[in-house]
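The block underneath contains the structure these notes are about, expressed in structure tokens.
All figures in this text were calculated on a predicted structure; none of them were measured in a lab.
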Amino acid sequence: MFGGGRPTPKFVVYLAGVLPCAIMAMLVVYCLRGVDLLGPAHGLPELLAGAAAVGLHLWKKNTLLSIAVGTALYMVLVQAVFV
């Protein structure tokens, strides 16, 4: 797209550095928008699964592993622990 031996525009390079973090932040807000803090579980399954995903990502630096483990933990918490 930016061929012809020309350098990539600075704005495109800036967007490439900023957009991944912005998209992840939007996904977190989207996923947590329906959490009922006044409900019986007080949002604990979401908080625990999110903390596990963040901690695992900081430890292993593997996005897919973090997402998979966080999702699996959330499903276990919702279906077996916080029934």
Side-chain angles (χ1 to χ4, degrees):
M1 180 176 216
F2 300 109
R6 296 180 303 201
T8 305
K10 290 183 181 180
F11 183 68
V12 174
V13 173
Y14 170 76
L15 286 178
V18 173
L19 281 180
C21 294
I23 290 170
M24 290 304 289
M26 286 177 54
L27 284 172
V28 168
V29 170
Y30 177 77
C31 290
L32 297 178
R33 77 185 191 289
V35 174
D36 184 18
L37 297 176
L38 300 176
H42 302 293
L44 281 177
E46 292 85 357
L47 179 66
L48 293 173
V54 169
L56 185 61
H57 183 70
L58 291 175
W59 178 41
K60 289 292 187 178
K61 306 282 191 241
N62 188 332
T63 306
L64 292 177
L65 178 66
S66 303
I67 292 170
V69 170
T71 302
L73 178 61
Y74 174 73
M75 295 308 290
V76 168
L77 289 173
V78 169
Q79 295 180 8
V81 179
F82 293 97
V83 180

Apply the hydrophobic cluster definition, ILVMFWY joined by side-chain contacts under 4.5 Å directly or through others, and give me every member besides [X].
X: Ile67; result: none
X: Trp59; result: Leu56, Leu65, Val69
X: Val83; result: none

Tell me whether [X] shares a hydrophobic cluster with [Y], the cluster being built from Ile, Leu, Val, Met, Phe, Trp, Tyr side chains joined at under 4.5 Å.
X: Val81; Y: Val78; value: no
X: Leu19; Y: Phe11; value: yes
X: Leu44; Y: Leu73; value: yes
X: Leu37; Y: Val28; value: yes

Atom of [X], atom of [Y] and distance for their closest heavy-atom approach:
X: Gly70; Y: Ala53; answer: CA-CB, 4.2 Å
X: Glu46; Y: Leu32; answer: CB-CD2, 3.9 Å
X: Tyr74; Y: Ala49; answer: CB-CB, 3.6 Å

Open item on the list: Distance check, rounded to the nearest 0.5 Å: Leu15 atom CG versus Thr8 atom OG1?
Closed with: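 Reported to 0.5 Å precision, the distance equals 12.0 Å.
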
